[in-house]
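Notes for the one structure printed next.
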Amino acid sequence: MLEAILWDVDGTLAETERDGHLVAMNAAFDELGIPWRWNEQRYGELLRVAGGFERLLFDMESQPLAPVSLEERSALARRIHALKNRRYAELVASGALPLRAGVLELFDECAAGGVSMAIVTTTSRGNVQALLAAQVGADWDSRFAAVVCAEDAPAKKPDPLAYRLVLERLQLRPGQTVAIEDSAMGLAAATAAGVPVVITRSRYFVGDPVPGALAVGPSLGTRAGWSPGLDGKPGRVGLEDIRHWHESRR
Ligand code: XBP
Ligand code: MG
């Protein structure tokens with residue numbers, strides 16, 4: 001039986017990357033007087049590296065002006081990343097990044113239908129707090145039975161650590177849950193922990209292969225374009241659809 005839905009954050013709850021993390025990263029470069037800028041295409045490439053800090057270190061490998069020693073690079077990446085997160089939190093706290101279609105409705109359905117929810121993300125707690133406080137309300141965390149963030153699980157997705165931790169906190173077996181993710185890295189993390197996954201594709205991961213996902217579709221806000229297909233009724237993906245995919249997983 002489905003006991004809990006495990007929500008990824010970036011790309012799944014909201015399109016946070018291009019209009020959030022990328023904007024904030026370029027603002028941080030600018031404020032620190034660093035002449036680097038990431039454009040949308042470069043950011044898409046860098047998203048293959050999990051984690052903003054790790055992404056910065058990776059990018060420095062091809063930045064001619066980056067410090068030579070790993071120690072200095074790490075210190076610089078930490079400064080840029082901390083400032084990026086402050087600017088990101090301010091941006092999302094202003095309400096600039098809405099939740100994706102169908103997300104809030106599914107939150108409400110889970111509450112009404114006795115299905116627990118948890119957050120499983122490799123972004124930091126402050127970023128999640130800023131987004132959900134702005135979009136759901138100051139008491140957003142009362143909706144979630146567990147919130148696992150980068151501070152809890154330093155090994156980023158595709159490492160399954162965040163999923164293993166959340167299962168432990170919820171005291172559930174993987175087969176009692178479904179993860180909702182947008183990326184192949186998220187899929188790999190959940191799958192390695194034994195958690196079945198529904199993929200709601202986000203802007204940057206539109207064409208990525210997602211082998212073994214329970215279901216794949218363009219948005220929770222529409223019943224069109226899902227595989228396996230849903231009935232032709234209008235409307236969004238609901239809890240009954242998730243239960244159905246979950247039941248049919250064997
Ligand atoms: C996605 C990520 C994050 C964000 C940026 O996390 O890989 O690194 O891109 O956030 P998820 P940070 O999909 O698990 O929510 O800069 O805080 O890493
Ligand atoms: Mg994601």
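Here the structure is a predicted model, which is why all the values come from computation and not from measurement. Just so you know, ligand 1 is whichever comes first in the structure, and atom 1 is the first atom listed for that ligand.
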Closest N/O/S atom of [X] to the Mg ion (ligand 2), by atom name?
X: Asp182; result: OD1
X: Asp8; result: OD2
X: Asp10; result: O

Just which atoms of ligand 1 are under 4.0 Å from any heavy atom in Gly51?
-> 7 (O), 8 (O), 18 (O)
Consider every N or O of Asp182 and every N or O of ligand 1, then say whether any pair is closer than 3.5 Å.
-> no
Based purely on interatomic distance, does Glu181 place a nitrogen or oxygen under 3.5 Å from a nitrogen or oxygen of ligand 1?
-> no
Met185 near ligand 1, heavy-atom distance under 4.0 Å?
->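 No, Met185 has no heavy atoms under 4.0 Å from ligand 1.
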Heavy-atom contact under 4.0 Å between Glu54 and ligand 1?
-> no
Taking the six-membered ring for Trp, are Phe53 and Phe58 ring centroids under 6.0 Å apart?
->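 Distance test on ring centres: not under 6.0 Å, no.
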Applying a 4.0 Å heavy-atom criterion (strictly less than), which segment of Asn127 is in contact with ligand 1: side chain, backbone, both, or neither?
->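 Under 4.0 Å from ligand 1, Asn127 contributes side-chain atoms alone.
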Can an N, O or S atom be found in Glu181 less than 2.8 Å away from the Mg ion (ligand 2)?
-> no
Show your working on side-chain contact (heavy atoms from CB on, under 4.5 Å) between Trp245 and Val197 and close with a plain yes or no.
-> CA-CA 10 Å; Trp245 285 326; Val197 183; over 6 Å; no
